[in-house]
Each structure stands twice: as structure tokens, then as C-alpha cells.
Amino acid sequence: MIRVLIFFAILFAVTMGFAWMSDLPGVVSISWQGYVWEKPPVIVGLVAGLALIAFLLAVWIVLTVLRSPKIATRFFKRRRKDKGYEALSSGLIALGTGNAKQARRHGLDADRLLNDEPATKLLLAQTAQLAGRDEEARERFEAMLEEKQTRALGLHGLFIEAERQQEPVAARHYAEEAAREMPGLEWAGKAVLGYQAVASHWEEALKTLERNYTAKMLDKKTYRRHRAVVLTALAQNLESGEPDRAYSLAKEAHGLALDLVPAAALAARLATRKGEIRKASKLIESTWRVSPHPDLAEAYAHVRSGDSAVDRLKRVKSLAGQRANTNVGAMAVARAALDAREFDEAREQLKKVLRSEPVRGAFLMMAELEEAEHGDRGRMRDWLSRAVHAPLDKAWIADGVVSREWQAVSPVTGKLDAFEWKTPSGFDDDGRGDVIEDAMFDAPALPVVSATTATATVEPAIVVAEEAPQAAASAKEAEPEVIKAEAGVTAAAQEEPAKPAASPDATAGYEGTTDDVGHAKRPQDLADSSDGGVAATATSDVSKAEPASDKSDLAEESPAKAGTSDETAIAAAVVDETEIRAPASANKQAAADEDLKIPIELPFARMPDDPGLDDDEDEDKPKRPRFFN
């Protein structure tokens with residue numbers, strides 16, 4: 001718009017000038033050798049202007065002819081450069097598409113047409129990298145170091161080549177050199193910081209981090225976080241050698257990043273060593289309210305050395321109450337309660353965890369609780385089997401690496417502050433979820449024996465005793481009598497369904513379990529020399545009965561049993577939860593009345609966890625399995 005106004009202004013001025021000259025009176029007269037030329041002033045002005053234009057045009061033509069060689073040279077040079085840039089553009093496009101051969105051809109053309117062009121050198125070097133010619137690429141990048149304009153480009157290329165060849169020492173050297181010559185180079189600053197962190201050179205990493213922040217390579221929030229991570233790692237290295245400096249560094253890191261759990265745990269641990277219990281508690285509590293973690297609960301429980309397990313339980317409860325309804329707090333309370341032998345509290349806390357977020361650690365702790373409280377190996381194995389298919393607990397994870405302890409840098413990529421507290425992915429179970437019922441958390445009930453259980457009947461089983469040769473005739477004529485099962489039938493026999501009849505020669509592994517109650521000997525059957533009690537009793541092995549000769553000998557020693565030959569022919573073996581069936585109802589009722597008169601005795605012949613007799617006591621008897629609780 002301004003140009004249009006200026007144009008019209010000039011045109012208006014010229015028009016006004018011509019108008020003024022046309023109004024001038026008189027004529028302009030020019031005489032030369034008798035020739036007189038008289039014209040008005042306007043015509044004279046126009047003629048003078050045309051003459052000036054013709055003169056300038058003639059001068060331009062002369063100068064153009066004189067400068068024609070230089071003009072021709074400049075033309076061909078420009079044309080050559082245009083072709084070179086066109087080849088360079090085509091080579092970059094081919095390099096981007098992954099066509100190494102075409103990119104190299106265009107790069108060579110561009111290098112021939114364009115002399116000392118940095119872009120052409122970069123194209124050829126990257127083409128060599130793409131084609132896998134590492135030696136050529138390294139030579140071209142090293143050639144760039146000789147010129148100041150391409151030195152940074154050569155250092156970056158050599159850095160990439162060193163990383164590709166897995167040469168961290170050389171890569172760190174090129175990065176440090178680039179960062180020293182060009183402080184604002186972002187890739188160099190970050191690479192130097194990463195290599196210093198991987199090598200655990202935390203003092204140098206702090207200086208590099210300061211330079212990067214001064215060069216505005218990272219914002220303030222990231223700078224504070226990275227500084228806290230570096231300070232925490234440095235404090236961990238100085239914990240054993242310089243605890244005072246480590247404590248100050250850990251406190252500074254905790255102030256920079258309140259949610260950094262390792263910094264808070266380390267600072268609290270060092271404060272405990274210095275005797276500053278209140279400060280240690282405050283450090284853990286401030287981080288716990290932001291980010292609950294098992295390490296914080298562990299440090300808080302042992303913040304005062306020498307406390308009892310009950311005191312630690314009270315302290316952990318106080319910490320868990322500051323961030324209510326968290327599984328981490330419930331697990332911490334359960335662990336402290338288990339150490340304090342407060343089994344009910346531990347069971348209640350684990351019940352909350354398994355209902356909301358069942359993890360493998362909770363199942364394992366439930367198994368530990370069952371073993372510690374009741375010594376119940378069966379329930380313990382049940383919880384352990386559920387733990388196999390439970391989701392994994394949270395852990396420190398960075399770039400697919402799962403670590404028990406926090407680390408400041410990723411071991412794979414060298415990234416600072418890469419570890420996160422989360423559930424591992426790719427390591428979970430097969431996706432099956434067990435249904436957890438309330439009855440699983442109840443404590444197992446001990447078996448109780450009553451009069452009802454003593455007279456409980458189960459599915460009968462017929463036991464055929466071997467008859468003695470001397471009493472064969474009388475045994476065939478005698479009717480079998482009804483003999484009730486022993487009074488020591490457990491409560492489990494009432495709740496469980498009836499079992500099938502046991503074969504006479506089967507050796508059941510009942511030793512050490514509640515099933516051996518049915519096989520226990522009655523006090524009336526034990527030999528008593530004072531009152532001449534019964535000396536012949538049934539053997540615990542139901543697979544065989546005593547021979548007739550032994551029965552006759554026992555009958556002679558016991559007058560109460562020597563009257564009839566039928567009694568010597570029947571084996572007094574007791575089978576688990578069985579009774580001998582007989583058709584005589586009168587004898588059955590009499591035997592039942594006789595059993596009611598028997599006093600109730602302790603159902604256990606020995607404790608359930610008793611492994612029983614040694615296998616080598618009687619080599620003639622079959623080997624009986626032991627029961628370990």
C-alpha cells in the first residue's frame with residue numbers, strides 16, 4: 001500500500017512539473033552554424049530526457065560486452081551449484097528412504113559439483129553408516145574434525161559410531177569434548193551426565209547437572225528431581241564411610257523430592273544412627289503421607305533400636321493410620337503383628353489385603369502365619385499353592401529390569417531416575433484368580449470327643465479273622481458276635497461321609513493322624529498284673545490276625561478269656577471307623593449297652609505330630625509311613 005502511494009506521489013509530481021513547464025512563456029532557441037532550433041521549454045525537456053536515456057543505454061551495452069567473460073563464468077558456476085544442490089536434495093531423500101546405493105551416488109555427484117560443502121560430507125558419512133561401512137564412516141567423521149565449521153558434526157558422528165560399536169569409553173570421551181567446546185550442546189550434556197551416572201561418578205554428575213541447568217537444557221522441576229536422585233545415590237555410597245555427610249546429602253535430597261522413598265528411608269536410617277529419633281520419624285511420616293512404601297514401614301518400625309516386637313507393632317500401626325486404607329500399611333501391620341505373635345491382628349490385616357488386592361506376598365505371609373500359630377502344614381501348603389498363581393508384588397522396574405533395591409540409573413539405557421515402583425508386567429501368573437472365602441481365614445478347630453462321638457457308627461466293614469487249627473470245628477458252628485468300634489472315634493468321623501470298607505490286608509497310613517484314634521487300644525484290653533486283666537489285645541496292624549497257637553497261650557494266662565474256643569478264634573483287631581457286622585440283634589444291643597458303661601478316655605494314643613515308632617523296631621511288620629507335622 002505504501003509503495004502504491006509513493007508511486008502515485010511521484011507521478012503527481014511529474015505531472016505537475018510538466019504542467020508548470022507548459023505554462024512557461026517563450027521558447028528555447030538553439031543556433032549552430034546558421035541553423036536555428038527554437039522549441040517551447042516542454043519540448044526541450046523531453047528531448048533532453050530522451051537523449052540521456054539513449055546515452056545510458058549505450059554505456060550499458062558497452063560495459064556488458066566488456067564484462068561478458070565474467071558473466072558467462074558466473075552463469076556456469078551458478079548452474080553447477082544448482083545441479084549440486086539438486087543432487088544433494090535427492091541424496092538426502094534417498095538416505096531418508098533407506099536407499100543407500102542411490103544416496104551414495106547422489107552424494108558423490110553433490111560432492112563433485114559442490115566443493116567443500118558440509119552437507120555433502122554429512123550425506124556421504126551417513127550413507128556409509130547406513131550401508132554398514134564403519135571404517136569409511138569413521139574416516140569421514142574424523143576428517144570433519146579438522147574444520148571448525150564441521151567439528152561438532154564430526155564429534156557427534158564419532159559418538160554415535162562409538163555407541164554402535166559398544167565402546168562406552170570412547171563415546172564418553174567424544175561427548176565430554178563436545179560439551180567442553182560447545183557448552184550449549186544438549187546431546188553432549190545429557191550423554192555426559194548419563195555416562196557419569198552409570199559409572200557412579202556422582203560428584204562429577206552434580207557438576208554436569210549444574211551446567212546443563214545453566215544452559216537451560218532442562219526445566220526447574222526436572223532439575224530438582226535429578227539433583228535429588230544424584231544426591232541420594234551419593235549418600236548411599238558415603239553411608240558407611242562418611243555418615244555425617246551422607247546424612248546431610250540425604251536430607252537435602254528429601255527436601256528436593258518429598259516422594260523419593262530411598263532418600264527418606266536413607267535419611268531416617270542415618271538419623272537413627274545419630275540418635276535423632278524424632279527427626280527420623282518426621283522424615284518417614286512426611287514421605288509416607290505422599291507415597292506409602294514397605295521400606296518406609298520397615299525403617300519406621302526400627303527407628304528406635306532395642307524396642308520389643310510389641311512396641312514396633314504399635315509404631316507401625318501409628319504410621320499406617322496416617323494414610324488409611326492402604327494395602328502397604330496393612331501388610332506392614334501384619335508383618336509387625338506376626339513378629340509380635342499377635343496372630344489375630346495379623347490375620348485381620350491380611351484378610352483386608354487379600355480381599356482388596358491379593359498379591360503373592362500376602363499369600364506367603366498367610367502361610368507363615370498358619371505355620372507359626374497352629375503348625376498346620378496342610379493349610380500352609382494350601383496358601384503356598386495359591387501364592388503360585390497370585391499376582392506379583394510391586395518392585396522397582398526400569399526398562400524391563402526388575403530389582404529388589406532402588407537404583408539411581410537404568411542399567412540398560414543409562415537413564416537417570418528410570419526406576420519406578422510398580423507391578424512387573426510380563427512376569428505375572430497365568431491369569432487365574434482363586435476365590436478366597438471367609439472360612440479360609442478362620443483358625444482350625446481342634447477335634448472334640450463326646451459321648452455322642454464315642455458311640456457314632458460308620459459304614460461297617462467285615463473283618464475275617466484267621467481261625468486256629470485246633471478250634472476249626474467249633475469256630476464253624478459258632479455265630480459271629482457283634483462287636484462295636486472303639487470309643488475313641490473322632491469328631492471328624494461324624495462330619496465326613498462314610499468311607500468304603502477297608503480290606504483286611506490293607507496297611508493304612510493312619511499313624512500320627514486323627515484316624516489312629518479308632519485303632520487305639522482300650523484301657524480294658526491292656527494287660528494288668530494286679531487284677532488279672534486281659535492280656536491278649538488286638539494288634540494295630542489290620543493286615544493280619546494272631547495265630548491260634550498264640551491265642552491259646554493267651555487264653556491260659558487270662559482266666560476270663562479261656563472259657564470258650566470261639567473267643568480264641570476271633571481276632572481282636574480294630575479298624576479305622578468300622579465295626580464288625582453280625583446278624584444277631586440281641587448280641588448287638590448287649591454290646592452297645594456294654595460300651596456305654598466304658599468311661600470316656602483321651603482320644604489320642606499319642607500327639608498327632610508324633611512320628612510314631614521307628615521302622616526298624618519290628619522288621620517282620622510292614623513299613624508304616626510316618627506323619628510329620
Side-chain angles (χ1 to χ4, degrees), residues 179 186 189-274 276-300 303 319 322-323 328 394 396-398 403 405-411 413-422:
E186 185 174 357
K190 292 183 177 180
V192 171
L193 179 62
Y195 278 108
Q196 290 173 347
V198 169
S200 298
H201 298 162
W202 303 115
E203 299 282 2
E204 300 177 3
L206 281 176
K207 299 178 182 179
T208 304
L209 187 63
E210 291 288 346
R211 289 196 299 267
N212 293 349
Y213 180 66
T214 305
K216 300 185 181 303
M217 297 182 189
L218 64 166
D219 54 6
K220 186 176 182 179
K221 182 179 179 181
T222 306
Y223 165 72
R224 289 172 61 88
R225 178 71 181 187
H226 285 180
R227 182 175 177 82
V229 171
V230 174
L231 289 174
T232 303
L234 180 59
Q236 287 179 345
N237 289 351
L238 299 176
E239 182 179 2
S240 58
E242 302 179 29
D244 294 336
R245 187 187 176 199
Y247 179 48
S248 62
L249 293 175
K251 286 197 302 182
E252 182 182 356
H254 177 263
L256 291 173
L258 196 62
D259 59 339
L260 188 59
V261 174
L266 178 60
R269 188 164 59 249
L270 293 172
T272 301
R273 292 174 57 180
K274 294 172 65 67
E276 300 176 356
I277 299 175
R278 186 175 181 84
K279 289 185 178 179
S281 301
K282 292 296 182 182
L283 289 171
I284 296 176
E285 290 172 359
S286 59
T287 303
W288 177 270
R289 288 189 289 267
V290 178
S291 177
H293 196 275
D295 293 346
L296 297 177
E298 181 70 16
Y300 197 79
V303 74
L319 179 66
Q322 298 186 18
R323 183 72 182 270
V328 179
K394 291 184 178 180
W396 293 108
I397 303 175
S403 174
E405 298 180 356
W406 175 84
Q407 299 180 23
V409 64
S410 171
T413 60
K415 181 181 178 182
L416 197 65
D417 191 27
F419 277 90
E420 299 178 356
W421 182 254
K422 60 182 181 179

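Computed over heavy atoms, backbone and side chain alike; hydrogens, waters and symmetry mates excluded. Predicted model only: the values in this text are computed from it and were never measured.
You'll find the side chain of Thr232 stays beyond 4.5 Å of the side chain of Leu249, heavy atoms only. Trp406 is listed as a side-chain neighbour of Gln236, based on a closest heavy-atom distance under 4.5 Å. The side-chain heavy atoms of Asp244 and Lys274, taken from C-beta on, include a pair separated by under 4.5 Å. Contact annotation: the side chain of Lys422 never approaches that of Lys394 to less than 4.5 Å [non-hydrogen atoms, C-beta and beyond]. Within the 4.5 Å cutoff, no side-chain heavy atoms of Arg323 are placed close to those of Arg289. At least one side-chain heavy atom of Pro411 sits under 4.5 Å from a side-chain heavy atom of Phe419.
The CG atom of Asp259 sits 9.5 Å away from the NE2 atom of His254 when rounded to the nearest 0.5 Å. Atom CG of Leu231 and atom CG of Leu238 lie 10.5 Å apart (nearest 0.5 Å). Note: Gln322 CD to Ile284 CD1 = 10.5 Å, rounded to the nearest 0.5 Å.
Annotation for Val290 and Ser286: closest pair CG2-O, 3.6 Å, computed over non-hydrogen atoms. Summarising the geometry of Ala280 relative to Ala271, their closest heavy-atom pair is CB-CB, 3.7 Å, with the distance given to 0.1 Å. Here the closest heavy-atom approach between residue Val303 and residue Ser281 is recorded as CG2-OG, 3.9 Å. The minimum heavy-atom distance linking Ala179 with Val192 is given by the pair CB-CG2, 4.3 Å. The minimum heavy-atom distance linking Gly189 with Thr208 is given by the pair O-CG2, 3.9 Å. Of all heavy-atom pairs between Ala197 and Val409, the closest is O-CG1, 3.8 Å.
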>> Go through it in stages, so that I can follow the logic: the residues are Trp421 and Val261, the test is side chain to side chain contact (heavy atoms under 4.5 Å, CB included), and I'd like the CA-CA distance, side-chain angles, deciding distance and then a yes or no.
In response: CA-CA 10 Å; Trp421 182 254; Val261 174; over 6 Å; no
> Are Leu296 and Val328 close enough, and set up right, to give a side chain to side chain contact (heavy atoms under 4.5 Å, CB included), and what steps lead you there?
Replying inline: CA-CA 10 Å; Leu296 297 177; Val328 179; over 6 Å; no
> So Tyr213 and Arg227, side chain to side chain contact (heavy atoms under 4.5 Å, CB included) or not? Walk me through it.
Replying inline: CA-CA 10 Å; Tyr213 180 66; Arg227 182 175 177 82; over 6 Å; no
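There is no side-chain donor-acceptor pair under 3.5 Å between Tyr247 and Glu239. Thr222 and Arg225 share no donor-acceptor pair across their side chains, judged by distance under 3.5 Å alone.
Figure legend: Lys221 and Tyr223 shown without cation-pi pairing, the cationic atom not lying both under 6.0 angstrom from the six-membered ring centre and within 45 degrees of its axis.
Taking 4.0 Å as the cut-off between side-chain N and carboxylate O, Glu252 and Arg224 do not count as a salt-bridged pair. Salt bridge annotation for Lys190-Glu186: present, with a cationic side-chain nitrogen under 4.0 angstrom from a carboxylate oxygen.
Between Asn212 and the options Lys207, Met217, His226, a side chain to side chain contact (heavy atoms under 4.5 Å, CB included) holds for only Met217.
A distance below 6.0 Å separates the ring centres of Trp396 and His293.
Counting only distance, with no hydrogens or angles, the side chain of Trp288 and the backbone of Leu319 share a donor-acceptor pair below 3.5 Å. At least one donor-acceptor pair closer than 3.5 Å links the side chain of Thr287 to the backbone N or O of Leu258.
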